[in-house]
Structure formats: structure tokens, C-alpha cells
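So the structure is just underneath, and the comments pick up after that.
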Amino acid sequence: MLLAVLALLAAAAYANMQRGLRALGLELGFDFLRVEAGFDIAEGPAYSPGDTYARAFWVGVVNTLRVTAVGLVGATVVGVVVGVTRLSSNWLVRSLAAVYVEVVRNVPLLLQLLFWYGAVFLQLPPVRQSITWLGVIHVTQRGIYLPRLVWQDGRPLWEVPVLQGFNFRGGVHLSPEFAALVLGLVIYTGAFIAEVVRGAVQSVPRGQWEAAEALGLGHLQTLRLVVVPQALRIIVPPLTNQYLNLAKNSSLAVAIGFPDLFSVGHTILNQTGQSIPVFVMIMATYLSMSLVTSALMNLYNRRVRLVER
Amino acid sequence: MRWLGRAVLLQVVVLVVAAAAYAGTLDRVVQRGRLVCGVNGGLPGFGYLEPDGTWSGFDVDYCRAIAAAVLGDPDAVEFVALTAAQRLPALQTGEVDVLLRNTTFTLLRDTDNRLNFAPPIFYDGQGFMVHRATGVVELEDLAGASICVQTGTTTELNLADAMRAHGIPYTPVVFEEIDTTYNAYEQGRCDAVTSDRSQLAARRSVLRNPDDHVILEATISKEPLAPVVAHGDDQWYDIVKWVVYATFFAEEIEITSGNVDAWMTTDNPEVRRLLGLEGGMGRALGLRDDWAVQVIKGVGNYGEIYDRNLTPLGLPRGLNRPYTQGGLLYAMPFR
């Protein structure tokens, strides 16, 4: 009965949407994806304004995946290190970790991103007064420039960034937008992962530590061989949540000018007026990313969980 | 995330009220007792929320002019600050009655986006502002430069077009908010920022050291900025259109907010029709016969509106003069 009412409501809403959209001239269709985009995108896979909207969207997807991948690795490292540090016997180290976790967890991510971008990266020296290490690594408000290993005539060769015109050329360039976004996501998500790690390690009964020590294992050995395998079972499900949050939070990139999936999608929406199809595409992409992440983490969860005989 | 909330809200509105949105804008405005006008909130001279909470600007005054014509009260306006990206959906969904937000009149917006443009009230062109220290003089000097630009604008497309046409490589840095855009430029993230020349002049006036920034001579596009209404309500479109013409015509024959009362005794038949003394022009529009008098008393003629808002920015009138003085402003006959 309830289902029937819901289905009826859904059908009415859909019919109304179709009628409304026709009145507005907003047809539900994806033909616009084949039209030339006409706008430029600063970073990501090869793309020019002459390419299609579909290609532009793809650039946004790749940029999001790039941020997410680097962010996941970074946040995991930060989270594990800080989580273990919070259990350290050294008061100073333990307190520093606690302060980091409490401060970062309680300030909205958007504020943190604007802070990293506006108050940190944009305040770095201009291009011509860059901070330089060893003559090959340059840090400026235009981003970070690193040497890159390239293959030339079958031999590896270091390509070094050189100041040319307005900017450095060559090497690897991390834009301040990318750097601020990744750093913000890593530091924010890292604090949550630290709490997950701490909670999991603390949940391993004290007796396990004592038993391991009684067998003559050192502190690190105990951690690696006895405690971590048991803690992992508890870590994985909440960790998956944090991974999903990081991927979704990357959409805040639009606030600091990084051309991610949401930002590029938004531009396409503005230029074409095709709000419904573009929103569907954006949602479908985030949904698939989340489902794939969940599936992989579930596989891993199956491997580490307690096997009862 | 105001814009996000608004975007979601707009989607919902599209779905729910799309079909009902257009019925009789004039009736809706009169019933409500005030005009809902979409403007820019952060562009001094055009649409700006002053620190004391009042609205000022050229576009803002045109909102007041429409309110004066329709409701007899230039203050019966509710201003809605919209980002470049929000403005067209806000109009399409009926969230605002009319849009006066330095919006460029283009073919696709006129047709595909189902909008109607009143006559342009400001003829502009897209330009570039650079840090004086870069020594950039012309477009070609910008090869390899980072250029800040706002998303959801014709600006973003013109930039890509012009640079492609001239074969100039560049890096766009694209922002959603106007304040973020100019802040990033001022901090040095970009070598140049591109937008309509009027906007550049307006924003330069609020930079920390306006003299450190130069607006280049190069103009890469035509940007006729015009009031916009949604398709499907001809009467409402006519009203907005003729309010604009009334301000042009008043300047042409030198009727001002100061001397309009003295003109009420004129014998000039066209002026008598403008002022509602004969001809029934008001009834034809669905307004009171003294609608144009209310506009002129409320905000003045085009020249007065310009002088109040744009002259302080140092923007020369250029094309924005009456055709009798070599400009492009030309009111259709009041007949």
C-alpha cells in the first residue's frame, strides 16, 4: 500500500518535472556533451578549449581522482602516525598529537581549505623571489616546482624547472590550488583516522601486550605482530567511512579554484544551462567512486576479519 | 556554502514550480507590493551592498526605476545578490522578477536559455588588468601568464577564444566568487585578471593600491550589458524595455529629476506622451499614466544615474552617450 502511494507520488513528480523542464526549455538529454566546450582548464590530462564538454568533464573526473588518490595515501600515513603517537609514553609528543586532533576535527574543512590556500600558499614569495633548494626545487605562490625524470634517447635524464617568462617551465608543477586542497584534506581526514587508529589499538586488551612482552617481544614487534593484526579488524569499517568522506569533501575544491569534477561540472552547467543532466552526471560519478571504494575496502575487510572455525 | 544551498534549492524549484513560474509577473509584483530584483552584491558602481546595509549602483538604480514605474515607489525593491553562476537559473525559475546584474546580451542566452533582453544600458568590452610591475602593455605580452577569471561568465569563454585566436598560451585560474577572484589576483596568484572593463575599473577602486594596477588598452569582446527577464511574459518584457527607453529619452531632451515638474506644462507632444499627459501610453503598458514621471522623479534620467554611480569610478561615457552626442543610446519613439 505504502509502496503504491510512493510509486504514484514518484510518477506524478516525474511527470511534473518533465512538463516543467519543457516549459523552461531544459530538455533531459546528453547531446550537449558532443558540443565544443570553449573554456579552458588549468590542469589535468591533455585538453584544449576546442574539445567537447564530455572531454572537459573527464578532465574534472581525473583531477578529482588525482586529489583523492594522493589524499588517501597522505591521510592514512598521517592518521596512523598520529594515532600511534597519541598512545606514546612521551608526554610532550602525546599532547602535541592530541592538540592537533582536537583542533583540526573541530574546525570546518572549508575554513581550513581557505586558510591553506589564502593564508599559506598565496603568501609564499612571488615567482621571481622563489624559495629554492639545491637550485632545482622552487617553492612560490604559483606552486611547487620539482625536477622530473624523463627518458631521452633511451636514457633517464633529470628535467629541471627553469624560470622563463612569467613562470617556471619544465619539471613537475604542483599548483597552489592542488597543493592546498590535498594538504587540507590530508590534515583534516588524518585527524579522524588518527582517532580511529587510537581507538582500535586501545581496544586490544592489555593482556595481549603483557603476554607478548612475557614471550620476550620488543615494543615494536608486539605492535606489528600482535596488536595491529587485531586492531585492523576494528579499523577497517570506520576507515572506509573516512575514505569516502575524503573523496566527497574534495568537491570543496570549487572554493579555491581547483578544477575538480564538481567545479568543471558547475562550469559546464553554467555554459549550457543543462542543470539536470549535469547534476545527474556529477552525482553518478561520486556514487560510483564511493561504491568502488566501499567494495575494495570490503574485500580487504574480509581478509583481516576474525575467522571463526 | 550559500551557493551550494541555493543550487540545490533551485533544482527543487525547477522540479516543483517550473510550470507555474511565469503567470503574470506584473500581477505578482503588484500583489506582493515590491519588485524582486537580482543584482551583483560585490561590484562597486553597479551593484554593491554598502557597509551600512543600503544598496548602491547603476544596476541597482535601474531596479528602483522599474519599481517606480510599476509601484510608484523606487524603494519598493527587494534586492537579491546573485553570483554569476546563479543569476540565470534564478530568473528562469522565477526567484527574481528581473535581472540587473551586468549581464551580457548574447544569442544563446536570448534563445536557448529562454530569456529576453531589454535594450543594453551599458556598452562594455572585456579587458585585462595587470600588476603595473609586470610591465605588460599588450595582449601578446601575456604569453605564459596566469590569468584569474570568474566562472559562469561569457568572460571565461571570450578569454579562451581570444587567446586561441592569437595563439597565446596561458593558464586560467578559475573562481566561483568575485571576491576570491580579485583577492587571488591582488595576492599575486595571477599576472592578470580579465573581465568587463567597467568591472575592472570598479574593482580596481577597492584594491589596496589602485595605482599599482593597469587596465590594458586591448579589448577582446563586445559586452552589451542589459536588463533580463524570462521568456513568456511579453507585457513584463515591454515594461522593462520602456522603462529603459524612458531614461534614455529623458536625458536626450534634458528632463531631470529636478526639472520634471516644470516640464508638466510643455506643449511638445512627444514629451506630453512620455509624461502621461496624453496618449494613454501607461494604459498600453498596463501601468499608470504617470509611470515615466515616477521613474524620472525616483532615479533621474540616464545621465543622472550614470553620474551618480559610474562617474566617480572614472569611467568615461564613451559609447554610453545619447546618439545625439555620438553615443549608442537611442530611445524608440514614444508614440
Side-chain angles (χ1 to χ4, degrees), chain A residues 13-14 16-26 37-43 48-50 110 114 117-118 121-128 140-143 164-167 169 173 175-177 251-252 254-259 262-264 266-267 269-276 279, chain B residues 1 3-4 7-8 10-11 14-22 84-86 88-89 92-93 108-109 111-114 134 136 142-149 151-154 156-157 159-161 163-164 170-177 180-181 183-184 187-191 230-232:
Chain A
Y14 183 76
N16 188 41
M17 180 180 84
Q18 288 285 10
R19 201 182 59 219
L21 286 174
R22 255 196 304 279
L24 287 174
L26 301 173
F39 61 89
D40 218 329
I41 302 177
E43 47 191 309
S48 82
L110 179 64
L114 291 174
Y117 185 61
F121 281 94
L122 290 190
Q123 304 307 324
L124 289 169
V127 176
R128 271 151 223 293
T140 84
Q141 63 176 189
R142 298 286 170 83
Q164 195 187 340
F166 289 105
N167 287 310
R169 299 286 160 75
H173 173 221
S175 75
E177 291 80 24
S251 62
L252 290 173
V254 72
I256 56 170
F258 179 75
F262 187 78
S263 165
V264 173
H266 207 233
T267 303
L269 184 159
N270 283 323
Q271 303 294 3
T272 59
Q274 301 282 351
S275 36
I276 309 278
F279 259 87
Chain B
M1 302 276 46
W3 53 266
L4 190 62
V8 171
L10 283 178
Q11 303 312 313
V14 169
L15 302 183
V16 180
V17 299
Y22 296 150
Q86 293 163 347
L88 300 186
Q92 290 164 329
T93 55
L108 282 182
R109 284 180 179 165
T111 55
D112 228 23
N113 288 342
R114 315 210 22 157
T134 58
V136 168
L142 285 173
S146 301
I147 301 177
C148 282
V149 60
T151 184
T153 58
T154 48
E156 197 181 358
L157 301 177
L159 173 66
D161 281 357
M163 295 314 229
R164 249 198 302 174
Y170 73 106
T171 308
V173 186
V174 181
F175 297 95
E176 161 93 8
E177 295 277 345
T180 333
T181 314
N183 186 44
Q187 302 276 346
R189 172 64 184 94
C190 303
D191 303 294
H231 261 190

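Sequence lines set the chain letters: A, B, ... in the order given, protein chains first and strands last, and positions in each chain run from 1. These numbers come from the heavy atoms of this one structure, side chains and all, not from hydrogens, waters or symmetry mates.
Neither the backbone nor the side chain of Leu88(B) comes within contact range of chain A; no heavy atom of the residue lies under 4.5 Å from a heavy atom of that chain. If you measure heavy-atom distances from Cys148(B) to chain A, you find no contacts under 4.5 Å at all. Only the backbone of Ile256(A) comes within contact range of chain B, with at least one heavy atom under 4.5 Å from a heavy atom of that chain. Contacts between Pro126(A) and chain B at a heavy-atom distance below 4.5 Å are absent for every atom of the residue. Heavy-atom distances place the backbone of Ile41(A), and not its side chain, under 4.5 Å from chain B. Neither the backbone nor the side chain of Phe121(A) comes within contact range of chain B; no heavy atoms are under 4.5 Å apart. Looking at Arg189(B), the atoms closer than 4.5 Å to chain A (heavy atoms on both sides) sit in the backbone and in the side chain alike. For Glu43(A), no part lies under 4.5 angstrom from a heavy atom of chain B.
For the pair Tyr170(B) and Asp40(A), the minimum side-chain heavy-atom distance is below 4.5 Å. In this structure, the side chains of Asp191(B) and Arg142(A) come closer than 4.5 Å at one or more pairs of heavy atoms.
Closest heavy-atom contact between Thr267(A) and Thr151(B): OG1-OG1, 3.0 Å. Residues Pro49(A) and Arg164(B) share a closest heavy-atom pair of CB-NE, 3.8 Å. Residues Phe39(A) and Ala160(B) come closest through the heavy atom pair CA-CB, 4.1 Å.
The structure places CD of Gln271(A) at 4.0 Å from CG of Leu157(B), a figure rounded to the nearest 0.5 Å. Interatomic distance, Gln141(A) CD to Gln187(B) CD, rounded to the nearest 0.5 Å: 7.5 Å.
Chain A forms more heavy-atom pairs under 4.5 Å with one residue of Thr171(B), Val174(B), Thr180(B), Asn183(B) than with any other, namely Val174(B).
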